Protein chains: 2
Amino acid sequence: MKERLEALCEFVQNAEDVGDLQSATEQLRDYYEIAHIVYHWVNSKGERFGAGTYSQDWVDRYVEKDYLRMDPVILGCLQRFNPVDWKDLDWSSRAARAFFKEAVEYGVGNQGFSIPIRGPAGQFALFTASDNKDDFGWASFIDENMRDLMIIAHEFNKKALEFEQGGDSAPAPALSPRELAAMTYLAKGMSRAQAAQEMDISEHTLRVYIEAARHKLGAINTTHAVARALSRGLIVV
Amino acid sequence: MKERLEALCEFVQNAEDVGDLQSATEQLRDYYEIAHIVYHWVNSKGERFGAGTYSQDWVDRYVEKDYLRMDPVILGCLQRFNPVDWKDLDWSSRAARAFFKEAVEYGVGNQGFSIPIRGPAGQFALFTASDNKDDFGWASFIDENMRDLMIIAHEFNKKALEFEQGGDSAPAPALSPRELAAMTYLAKGMSRAQAAQEMDISEHTLRVYIEAARHKLGAINTTHAVARALSRGLIVV
DNA sequence: TTTATCCTCCCCCAAAATGGTGAGGCAAAT
DNA sequence: ATTTGCCTCACCATTTTGGGGGAGGATAAA
């Protein structure tokens, strides 16, 4: 059985387009003998992609109702690091319970397990397995397969990132040390005067760095430059 | 052997303080028979913690020289999603090569493998294994153990997050939709006037959002607020 | 139902940031 | 050896932000 999983991992690794990922989710679902496997991600431009085995009806419904903005699975995972069982999410609001009821009606399954994955520049993805099982059966399934699922989720995400970067590769301009320092201090909320004092240079000089960084980053003002430097992982606050 | 690994995973899971994580890195190093295992992380407040087997001399040297700001491993992983072999990083600059040379002299090892891990609220961590090996030996070590290392890294991070949240829970200030929109437009480089136009509200109203966001985020100016919103993953540009 | 949060609008004025232009010394890379 | 990039300093007028105040209506949770 493990060999089959290896093969599936390789299948994901060799995927050449989103269709292959779609196919991979179907194979995984069959392999695990559960209701659904879904992977979807949001790239740094806020565009969404998905591959999974949910029925088209449910996907349409989901998009139509803009459930993404209230789905407790999404909201919960956005604030979490570790994989989460759907049972542990916040279903307290009326809207959330109605949503869950509807999801079950559409065949999503009454049990679910979602793995959040984050990349640089705000990339966020979710890998989900769901099924109809009782609590005990689901718990033992998760216990047994969680780690494999995490590895597979990782493979999916690697691919998703490849596809994204294939689209347009931002060469990530390098900033000089002083420029980085300037950006860092500004990101910490210092004024130019304060940052200049911290760096022990004149405010005029500091401005030169800021402007240089702005140009390199293609930013139109300081806030924009700091945002880009952060997004691209050039500085850490 | 696998059982031993399981035991180590459990050891990490049962860690009660940073000292236990430290001890875990030592056991992992011995288990894998390599030079070093290091885990270090930056929490949402920008504080750094670490647990690992590097010599105190090297750690002191690293802090003293503020190598964090130029270490190609850190810089590279901040821009990456997937685990990376040190060989694949950017060592082109003179400073980077000098740094590497020095690191080797301090016994860090000439080969390394680092796994970047991201959590919500801008949490960022790095799990690193390093050793002295030739390219082939290292490659086969990585090939064989990468997945286990990823799982272990995940366990470390789970613990680190627990400790952080245990210390003092930063309640993760939630911004309202309009506040988020305002932050997003500002992060894109728009002026208040432009953002207001984009949101189809008066500039005065926009200012209310910006100030509300500033206060919620504990930021002292707009740039700071945008930086925090980005760091904490509240907005994506 | 009450309470809380959000959304929207308005005033004034001081302080800070921006944009454009210019210039010299120094180190590294080609 | 020449070019390129980095670090440092300066002035001007204009635009943008920041800080303080106050107020009404809608919506949603408790």
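All values reported here derive from a predicted model rather than from experimental measurement. Chain letters run A, B, ... following the sequence lines, proteins first, then strands; residues in each count from 1.
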Just how far, in rounded Å, is C1' of D/dG19 from CZ of B/Arg192?
10 Å
Consider the side chain of B/Glu211, meaning its heavy atoms from C-beta on, and name the nucleotide among C/dT8, D/dG19, D/dC7 that approaches it most closely.
D/dG19
Rounded interatomic separation in angstrom, taking NE2 from A/His224 and C1' from D/dT16
17 Å
Take the protein atom CE of B/Met199 and the nucleotide atom P of C/dT8, then report the distance between them rounded to whole Å.
7 Å
Check whether any side-chain heavy atom of A/Asn221 sits under 4.5 Å from a side-chain heavy atom of B/Ser191, and report yes or no.
no
Is the count of non-hydrogen atoms from other residues, nucleotides or ligands lying under 6.0 Å from B/Glu211 atom CD greater than 12?
yes
Less than 3.5 Å between a donor and an acceptor, one on the side chain of A/Arg207 and one on the base of C/dG20, is that the case here?
yes
Of B/Thr205 and B/Asn221, whose nearest nucleotide on DNA chain C comes first from the 5' end?
B/Thr205
Answer yes or no: does a side-chain N or O of A/Lys216 lie under 4.0 Å from OP1 or OP2 of D/dG5?
no
Taking the side chain of A/Ser176 as its heavy atoms from C-beta onward, which of C/dC7, D/dG18, D/dC6 lies nearest to it?
D/dC6
Consider the side chain of A/Ser202, meaning its heavy atoms from C-beta on, and name the nucleotide among C/dC10, D/dA10, C/dA17 that approaches it most closely.
D/dA10
For atom CD1 of B/Ile201 and atom P of D/dG25, their distance in whole Å:
19 Å
Could you please name the option among C/dA17, D/dG19, D/dC11 that lies closest to any side-chain atom of A/His204?
D/dC11
Within this structure, what is the CZ-to-P distance between A/Arg214 and C/dA17, rounded to whole angstrom?
13 Å
Whole angstrom value for the distance that separates P of D/dA26 from CZ of B/Arg178
17 Å
Using whole Å, what does the distance between atom C1' of nucleotide D/dT17 and atom NE2 of B/His215 come to?
14 Å
Picking from D/dT8, C/dC11, C/dT8, which would you name as closest to the side chain of A/Tyr209?
D/dT8
Separation of atom CG in B/Leu206 from atom P in C/dC6, rounded to whole Å:
16 Å
Could you tell me whether B/Leu186 contacts a base, only the sugar-phosphate backbone, or nothing, with contacts defined as non-hydrogen atoms closer than 4.0 Å?
nothing
The side chain of B/Val208 lies closest to which of these nucleotides: D/dG18, C/dC9, C/dA17?
C/dC9
Are the side chain of B/His36 and the backbone N or O of B/Thr53 linked by a donor-acceptor pair below 3.5 Å?
yes
Heavy-atom check, side chain of A/Trp58 versus side chain of A/Val108, under 4.5 Å:
yes
Do you see a donor-acceptor pair shorter than 3.5 Å between the side chains of B/Lys158 and B/Gln13?
no
